[in-house]
Structure formats: C-alpha cells, structure tokens
Amino acid sequence: MTPKQRAGEPTPAKKAPKSMPYEQGAWAHVFAPRAAGEIRYWLIKSEPDVFSYEDLEKAPKKTTCWDSVRNSSARNFMRDGMKKGDLAFYYHSNADPSAIVGICEIVREGYPDPTSWDPSHDYFDPKSDPDMPTWYMVDVKAVKAFRTPVPLQQVKDDPALAEMALVKVGRLSVVPVTPDEWAHVCALGGV
DNA sequence: GCCAACGTTGGC
DNA sequence: GCCAACGTTGGC
C-alpha cells in the first residue's frame, strides 16, 4: 500500500480533519517521486539506555533492524518514505542531554516487523497478522559519529533549525529532515 | 515524578 | 461520527 497522494492544496470546501497524519500534511513531499539519485534525510530516536549509537557501531556489520516502532506515522515514514541509501540522524532521547549524536544509513527498505506478531515480545500487537502486517521496520547501519553531539537545546536555540520536525513534533520517533537542516546539523556536529 | 501533546479506543 | 478516557512519548 502507498500513502494517499495529495494533489495540491486541500479542498477549501472540505473541512480539514482535526488531526491530519503528518505524512499527509506538511511532510507529504517526503513520499513524492524522487529525482534520479536523490537522497532523503531522516531522524530516528533511540533511548541510549536501550540501544545507543555506540551499540549500533558495535553491532555485526554496524547494522540493526529498527524494530518495535508502534506509531503509524513513524511506520509510514519507514515503510513508504525511506529508500536504500537515505541517511538518518541518530538521536538519543531520554538522555542527559538528549542529543543528535551520529549518522546512519538506511541499508534495507521497509519490511514487516516480526516482533509485532511474537506474543512473547514486549511490543506484541495481537491485531498484526503476518499475512497483513501492521508494523514495518528498516535496517540501519552506523556511518559516522558526530565529533560534537548536538543537544536538543542547541537545536531549539538555532533559528535555522526552528522548523525541524524534531522540535515541531515532539513524540514522533521517526521524522523527516530537510537537506538544509541536514547540512546545518552536520556542520554543528563536526562531520 | 510530573505533565504536555498527542494517538487510540470504545461507548453512545 | 463525536468525544471522553486512557495510554504513550519524551522533555524537564
């Protein structure tokens, strides 16, 4: 399934839904067709106590599957937005301080998350069926740690980053990053 | 630990 | 379809 394509602006006659999924509103463009060779940018969050950027660097092939995401907007970004070769910031949430700490690459595109139909798993979802999976994941590989982590406060204080989805939408664990934001944050991080 | 900002659920 | 109750994320 692909996300509904939104041709142009919402019809004025139709009242906008109370809560429009992010992927159909301001960030619909991240699902649009790409120019040849175009790379898109993302940000993924993980609590360092659970799985840190260092853990990713130490993992076999520096790669892991990004499983257990149980939010439909985050799922759609992974399933329908991310393509192999895309890059993502690695963000430590619930950390001291919470910060963007490194870069990883999408090395496998969206595929069903088997933890969702494993009854012994913490994030088991009885409504997810292997024949019609509800939840998807991607594989990510560590590329480069920031020389200087960029704390959330620094992002919030920087006018160039005021529109980052990270600050505009607090609780979403997978969000898009614009090319300008990407370049700016990379410079701050010393990479 | 508190709570704001959501998303989801379920009664009606 | 509405909306109140509840659950989750994650900053502080």
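By convention in this document, chain letters (A, B, ...) are assigned in the order of the sequence lines, proteins followed by strands, and residues within each chain are numbered from 1. Bear in mind the structure is a predicted one, so any value in this text is a computation, not a measurement.
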Ring geometry between A/W42 and A/F77 (parallel below 30°, tilted from 30 to 60°, perpendicular above 60°): tilted

Identified side-chain contact (heavy atoms from CB on, under 4.5 Å) counterpart of A/L188 within the set A/I100, A/V150, A/T148: A/V150

Identified side-chain contact (heavy atoms from CB on, under 4.5 Å) counterpart of A/I106 within the set A/R40, A/M78, A/K141, A/M82: A/M82

Rounded distance (nearest 0.5 Å) linking atom CD of A/E105 with atom NZ of A/K62: 12.0 Å

Electrostatic pair A/R70:A/D113 at N-O distance under 4.0 angstrom: yes

Footprint string (nucleotides 7-12 of chain C, 5' to 3'): B base within contact, S backbone only, - free, heavy atoms under 4.0 Å: --BBBS

